[in-house]
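Below, chains carry the letters A, B, ... as their sequence lines are ordered, and counting in each starts from 1.
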Amino acid sequence: MRPARPEFVPDASLSREEMETLQHEVAAAATFDDDLSFDPANVSLASSSLVPDERRPLVAGVDQAFLDDHAVSAIVVLRGGEVVERAHAVTELSIPYVPGLLSFREGGPILDAFAELECDPDLVLFDGSGRIHFRQAGLATHMGVTLDVPAVGVAKSLLCGRPRESVDERPEGWRTPIEAADGVEPRDVDADDTEEFADTVVGYAYQSRQYPNSKQINPLYVSPGHRVSAETTVDLVERLGGEYKLPEPTRLADAYADDCKREY
DNA sequence: GCGACAG
DNA sequence: ATCTTGTCGC
């Protein structure tokens, strides 16, 4: 799979200011409404289904592992509970991690792995934020727009924005909106409605797992990457959840990245 | 100036 | 993200 929008491919050699300018363009090109090729209700981890394969989406999980200055980017594609393809790439890293600019460090390596992928996923889960980002252009948004594929971001901690309610000690399945507050810029520069933008729901905190008598687990922070709404994003992550905290596609990609790293 | 900050 | 054994609990 190759970039549909080459002009948005993250370039690690850009200046910080140029990176932020590109992020504004990516955010302007992003769609935070549902524009899917499938019915979210047909998303499940069941290995067999009465629903014909054509209507069961190919869902990909993407994750990375690191060794010194190299990134191992891994992609695992599922149809229901079955793995239908895996791909990976080892890429040299050129810049350090900077909060808010993650896609410029890891985006290129991820696209290298996508170049190795034969199929075209109907949905991709990324490890990081999408719309929950200072300029509404987190890793999932940047990659989703560049590949023009429905994308969601799944992060283990909150980059910015504000949970509507406290996220402490919540039961499995619980969710609460993440509002833009003052940490997220509006996309429309001409808008004079920045006050109400603060109430915009840019994602959700979602308690995917909780063990009975064990230490409290932190929620996941999910957000739209591209071509999916915040509400559908949580629904999809819920439907793709298995026995662990991370949704199955992400968890499998995580394990596959580690495997590739060991034998490298 | 202070605090916050995906992976 | 990564360096890492045992250990507590379902």
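The phosphate of B:dG7 (OP1 or OP2) has a side-chain N or O of A:K156 nearer than 4.0 angstrom.
The environment of A:D182 atom CG is sparse: at most 12 non-hydrogen atoms of other residues, nucleotides or ligands sit within 6.0 angstrom.
In this structure, A:F126 atom CZ and B:dA6 atom P are separated by 19 Å, rounded to whole Å. If you take CG of A:L159 and P of C:dA1, they are 15 Å apart, rounded to a whole angstrom. Following rounding to the nearest Å, A:K261 (NZ) and C:dT4 (C1') show an atom-to-atom distance of 12 Å. Rounded to whole Å, the distance from CD1 on A:I178 to C1' on B:dA6 is 13 Å. One interatomic measurement links the two molecules: OH of A:Y221 to P of B:dG7, which rounds to 11 Å at whole-angstrom precision. In this structure, A:I95 places its CD1 atom 12 Å from C1' of B:dG7, rounding to the nearest Å. Distance, A:Q64 CD to B:dA6 P: 15 Å, rounded to whole Å. Residue A:E106 contributes atom CD, which lies 10 Å from atom P of C:dT2 at whole-angstrom precision.
Nucleic acid contact class of A:A65 (heavy atoms, under 4.0 Å, all strands): sugar-phosphate only. Backbone-only engagement by A:L158 is indicated by non-hydrogen atom pairs under 4.0 Å involving sugar-phosphate atoms exclusively. Within the 4.0 angstrom heavy-atom criterion, base atoms lie near A:L101. Note on A:G153: nothing from the nucleic acid sits closer than 4.0 angstrom, heavy atoms only. Nucleic acid contact for A:K215: none, since no nucleic acid atom lies under 4.0 Å from a heavy atom of the residue. Across all strands, A:S157 comes closer than 4.0 Å only to sugar-phosphate atoms, never to a base (heavy-atom distances).
The only option from A:E172, A:Q216, A:E169, A:K245 that meets the side-chain hydrogen bond (donor to acceptor under 3.5 Å, both in side chains) definition with A:Q210 turns out to be A:Q216.
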If you write DNA chain C from 5' to 3' in dot-bracket form, with Watson-Crick or G-U pairs under 3.5 Å, [ ] for crossing pairs and | for pairs with another strand, what do you get? ..........
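The A:D258 side chain lies nearest to C:dT2 when the options are B:dG7, C:dT2, B:dA6. Distances from the side chain of A:F66 to the nucleotides B:dC5, B:dG7, C:dA1 place C:dA1 closest.
Side-chain atoms of A:Y204 and A:E231 include a donor-acceptor pair closer than 3.5 Å. Remark: the A:D33 side chain and the A:T31 side chain contain no N/O donor-acceptor pair separated by less than 3.5 Å. Between the side chains of A:Q136 and A:Q23, no donor-acceptor pair of N or O atoms lies under 3.5 Å.
Closest heavy-atom contact between A:A87 and A:A113: CB-O, 3.9 Å.
Applying the salt bridge (Lys or Arg N to Asp or Glu O under 4.0 Å) test to residues at least two apart or on different chains, the pairs with a partner in residues 144-162 of chain A are A:D148-A:R227, A:R162-A:E179.
Ring-plane geometry between A:F104 and A:H142 is classed as perpendicular, the angle between the planes exceeding 60 degrees on a 0 to 90 degree scale with a lower cut at 30.
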Report, one pair per line, the protein and nucleotides 5-10 of chain C atoms (nitrogen or oxygen only) whose separation is under 3.5 Å.
residue: C:dC10; atom: OP1; partner: A:N213; partner atom: ND2; Å: 2.6

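The shortest side-chain heavy-atom distance between A:H88 and A:D259 does not fall under the 4.5 Å cut-off.
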Working note: A:D122 + A:R55, criterion salt bridge (charged side-chain N to carboxylate O under 4.0 Å, His left out); need CA distance, chi angles, decisive distance, verdict. CA-CA 10 Å; A:D122 297 296; A:R55 294 187 193 175; over 6 Å; no
